[in-house]
Asker: 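My questions will all concern the structure given below.
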There are 2 protein chains.
Amino acid sequence: MSADETCELLCLDTVKAERLRHDLPGLDALTSAAEAGKALSDPTRLRLALALRDGGEMCVCDLAWVSERQDKLVSHHLRQLRGAGLACSRKDGRMVLYSLTGRGEALLAALTAAAGVAR
Amino acid sequence: MSADETCELLCLDTVKAERLRHDLPGLDALTSAAEAGKALSDPTRLRLALALRDGGEMCVCDLAWVSERQDKLVSHHLRQLRGAGLACSRKDGRMVLYSLTGRGEALLAALTAAAGVAR
DNA sequence: CTGATGCTCGCACGATCGTTAGAATGTGTA
DNA sequence: TACACATTCTAACGATCGTGCGAGCATCAG
């Protein structure tokens with residue numbers, strides 16, 4: 001591609017390419033969407049999200065038992081799901097109860113559908 | 001949690017917890033779903049997916065121009081989208097044309113809806 | 001007040017990732 | 001056949017990530 005960068009476009013007409021380039025959101029605008037994708041990009045975390053989908057609201061120690069993972073790791077992952085807006089939490093005495101948000105359920109449904117698993 | 005691991009369940013009845021634990025897919029089964037999430041977890045790659053959504057089928061050099069990224073990097077990311085089943089490619093002479101799969105479009109729609117961007 | 005429980009936080013380690021760069025491959029053209 | 005173009009592949013680097021561990025905090029029960 002030459003220095004002025006518009007003379008070697010081969011497949012797109014220039015108007016369409018200019019429009020695409022202009023309309024594409026910047027990387028900053030996509031950070032939260034990318035974070036949502038990242039939140040469910042780890043099999044352990046994805047499995048915890050499925051446990052919340054199927055089991056409803058649960059505390060860390062129950063999720064730890066259900067997923068056969070240490071409670072500290074489960075707590076770590078749940079905080080990432082919450083940070084990405086896919087889960088929320090409330091305290092009940094010394095326990096913290098987590099559940100999926102609407103966004104979390106929708107994204108989980110799309111992800112499992114896309115991969116054809118756990119629907 | 002004690003050694004026999006069922007005596008400290010506090011919030012769930014044991015039957016429900018046993019069923020959840022039993023029914024949760026294993027990590028292996030979730031790998032492809034996690035890979036789909038991972039494929040869209042990078043802002044640059046997500047942006048390329050959006051460009052394909054809006055622009056239809058495109059070659060690497062056009063996507064490089066539209067996204068203002070080097071063609072080698074674009075090629076690298078497109079191969080990851082394809083590997084995750086979210087994009088597909090066909091050759092046209094020396095060029096390779098990429099487009100989103102149905103799964104890719106569905107997951108992209110869910111991800112952008114979940115984050116409230118680029119819809 | 002003390003000890004136990006549930007959970008979070010900070011740190012470290014090995015693994016993975018995004019980007020860059022150079023080399024290599026496939027295809028088209030003269 | 002040689003050169004150019006489009007794309008891919010391999011390797012390296014700095015950054016990030018998942019997991020494990022010990023310490024710390026909040027809450028509850030005795």
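Both backbone and side-chain heavy atoms feed into the values below; hydrogens, waters and symmetry mates do not. Note on naming: letters A, B, ... go to the chains in the order of the sequence lines (proteins, then strands), and numbering restarts at 1 for each one.
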Asker: For a 4.5 angstrom cut-off between non-hydrogen side-chain atoms, does A:V74 reach A:S67?
Answerer: yes
Asker: Atom CG of A:L78 to atom P of C:dG6: distance rounded to whole Å?
Answerer: 15 Å
Asker: Could you please name the option among C:dC7, C:dC17, C:dG26 that lies closest to any side-chain atom of A:S75?
Answerer: C:dC7
Asker: Side chain of A:C61 only, please: which of D:dT19, C:dC7, C:dG18 is the nearest?
Answerer: C:dC7
Asker: A:K91 NZ to D:dC28 P: how many Å, rounded?
Answerer: 11 Å
Asker: Looking at the side chain of B:V60, which of D:dT27, D:dG18, D:dT7 is the nearest nucleotide?
Answerer: D:dT7
Asker: Looking only at the side chain of B:K72 (C-beta and beyond, no hydrogens), which of the listed nucleotides D:dT8, C:dG6, D:dG18 gets closest?
Answerer: D:dT8
Asker: Is there side-chain contact between A:V15 and A:E18, with heavy atoms separated by less than 4.5 Å?
Answerer: no
Asker: What are the two closest non-hydrogen atoms of A:L81 and A:A39, and how far apart are they?
Answerer: CD2-O, 3.8 Å
Asker: Name the residue closer to the 5' end of DNA chain D, choosing between B:R82 and A:T44 according to the nucleotide with the nearest heavy atom.
Answerer: B:R82
Asker: Looking for any heavy atom pair under 4.0 Å, which part of the strands does B:K38 touch: base, sugar-phosphate only, or nothing?
Answerer: sugar-phosphate
Asker: Rounded to the Å, how far apart are A:L48 CG and C:dC7 P?
Answerer: 13 Å
Asker: Under 4.0 Å, heavy atoms only, any strand: does A:H77 hit a base, just the sugar-phosphate, or nothing?
Answerer: sugar-phosphate
Asker: Give a yes or no on whether a salt bridge exists between A:E68 and B:R21, defined as a side-chain N under 4.0 angstrom from a carboxylate O.
Answerer: yes
Asker: From the set D:dT19, D:dA23, D:dT8, return the single nucleotide nearest to any side-chain atom of B:V96.
Answerer: D:dT8
